[in-house]
Protein chains: 2
Amino acid sequence: MPDTIIERLRAGGKKLTKARKALLEILVQSALPMTAAELHVRLRNAKKPMDLVTVYRNLAMLHQLGLVTAVGLHDGQIRYEVRHGRAHHHHIQCRGCGKIVDLMLCPMKKLTSLIEAQTKFAVESHTLEFFGWCPQCR
Amino acid sequence: MPDTIIERLRAGGKKLTKARKALLEILVQSALPMTAAELHVRLRNAKKPMDLVTVYRNLAMLHQLGLVTAVGLHDGQIRYEVRHGRAHHHHIQCRGCGKIVDLMLCPMKKLTSLIEAQTKFAVESHTLEFFGWCPQCR
DNA sequence: CTGGTAAATGCAAGTCATCTGCATTCCAGA
DNA sequence: TCTGGAATGCAGATGACTTGCATTTACCAG
C-alpha cells in the first residue's frame, strides 16, 4: 500500500488498524470502484471480516480525507475507488449486465470556468458517467 | 399540457387519469427537476392528493416511456423533469444549500462516438452534473 | 514497555427512499 | 352503459445507509 495513503491518514488524526489496512489493500488492488457491500464480502473472503457498518464508516472517512472518490452510477449504490496514483477519470456502465469500464478522459476543464462565469457558482467537482450496452449485451 | 405527452401515453397503452393529469401538470410547469416526495406535497397542496407510491409508479412509467428524464444528484434521491420541449441539458447543485440550476449545454456529442470506438459499448445516455458553492453559500 | 486516551469497532436498532402485494376503483373502447 | 385491463391506495417489505452505545485497539508519553 502506498505510503502517501498512510501519511495522509496520520495527518488526519486517523489510526491504521489491521482492519482498515485490509480494507485499503483490497481497495488499492481493485481495478474498478467498489460498493460497501462488495468490500464487506471481499474482506470476509480474505479472512479479515469487518462489520458492514465499519466498512461504511471507513469509506466515509476516506472520502472526507479525499483519499477515495465516490462514484454514483444509477443503481442506488455508491461505489468508491482510491485516488492515489490514478488520473481523474469517468466510467461507463452497461444497462444490461451492470459491467463497469473505466474511461481515461475528462474534457471538463474548459467547461468549468465557463459554467462558473455563467452561474457564479464555485465549481468543486463534477460527475460524468455514461450508460449503454456492452458488446455482450447488445 | 402538451398534446404530445398525451399521445405518447396512449401509444404506450396508458390511461390519462385525473390523478396522473394533475401530476403531469405540476411536472410540466416546474422549472427544475422534482423528487417523488416533492411531487407528493405539491399534489396535496393542489387539492389533488396522490399516494406517494402512486407518484413513484407514475414516475417510473413516464421514465420508461421516455417522457421524463431522471436526474441523479448525490443526495440519494432521484429527481425527474419533463422532456417535452426542452433541450438536453445538465445541472449544477450547491454543496451548501442544495440549490439546483439548469445548465443549457452539453459538449458530449463528439465524445460519445470516441467512447463507442474505444469500449465497443453502444452508448445510450450519459449524466453530467456539477457540484459547487452558489453565490450565497460560498 | 506499559498505561492512558482518543479513535475504531461490532452489535442492535433506526432512517429514509423506494418497491411489492393485494383488494378496490376507474378509464376507454365495444 | 358494460366490462376488462389499467390505476390507485393502503399496508407492509426491502435495501442502502446511519446512529447510539458499550467494548476493544492503536499510538504516544512517560
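The side chain of B/L16 approaches C/dA28 more closely than any other nucleotide in the set C/dT9, C/dA28, C/dC11. When distances run from any side-chain atom of A/M50 to the nucleotides C/dT9, D/dT8, C/dT18, the shortest one goes to C/dT9. Of the listed nucleotides (D/dC17, D/dC10, D/dC27), D/dC27 has the atom at the smallest distance from the side chain of A/R10.
Note on B/T17: a side-chain N or O is less than 4.0 Å away from OP1 or OP2 of D/dT8. Here B/Y56 reaches the OP1 or OP2 of C/dT18: one of its side-chain N or O atoms lies under 4.0 Å away. For C/dT9, the OP1/OP2 oxygens have a side-chain nitrogen or oxygen of A/R20 closer than 4.0 Å. Residue B/T54 places at least one side-chain N or O under 4.0 Å from the OP1 or OP2 atom of D/dG9.
One atom, CD1 of B/I78, and another, C1' of D/dA16, lie 13 Å apart when rounded to the nearest Å. What separates NZ of A/K21 from P of C/dA8 is a distance of 16 Å, to the nearest Å. Rounded to whole angstrom, the span from the CE atom of A/M61 across to the P atom of C/dA7 amounts to 12 Å. Atom NZ of A/K14 and atom P of C/dA6 are 14 Å apart (whole Å). Rounded to whole angstrom, the span from the CG atom of B/L39 across to the C1' atom of C/dT18 amounts to 15 Å. Rounded to whole Å, the distance from NZ on B/K48 to P on D/dG9 is 13 Å. Atom CG of A/L9 is separated from atom P of D/dA26 by 14 Å (rounded to the nearest Å). To the nearest angstrom, C1' of C/dC22 lies 14 Å from CG of B/D51.
At the heavy-atom level, B/A19 lies under 4.0 Å from the strands shown only through sugar-phosphate atoms. Using a 4.0 Å heavy-atom criterion, one finds that A/L52 contacts no nucleic acid atom at all. Counting non-hydrogen atoms under 4.0 angstrom, B/R57 reaches a base of the nucleic acid. Contact annotation for A/A37: no contact, since no heavy-atom pair falls under 4.0 Å across all strands.
Contact annotation: side chain of A/K15 to base of C/dA6, donor-acceptor pair present below 3.5 Å.
Nearest-nucleotide positions on DNA chain D place A/A36 closer to the 5' end than the other of A/K18 and A/A36.
Other residues, nucleotides and ligands contribute over 12 non-hydrogen atoms within 6.0 Å of the CD atom of B/E124. More than 12 heavy atoms of other residues, nucleotides or ligands lie within 6.0 Å of NZ in B/K99, so this atom counts as buried by the packing criterion.
For the side-chain contact (heavy atoms from CB on, under 4.5 Å) with B/L62, the qualifying choice from B/L9, B/T69, B/I5, B/V82 is B/L9, the only one to do so.
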> Should A/L39 and A/L59 be marked as a side chain to side chain contact (heavy atoms under 4.5 Å, CB included) after you check the CA-CA gap, both sets of side-chain angles, and the distance that decides it?
Replying inline: CA-CA 10 Å; A/L39 273 163; A/L59 290 173; 3.8 Å; yes
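In the hydrophobic cluster analysis, where Ile, Leu, Val, Met, Phe, Trp and Tyr join through side-chain heavy atoms closer than 4.5 angstrom, A/V101 is grouped apart from A/L73.
When side chains are defined from C-beta on, A/H84 does not count as touching A/V28, because their heavy atoms never get closer than 4.5 Å.
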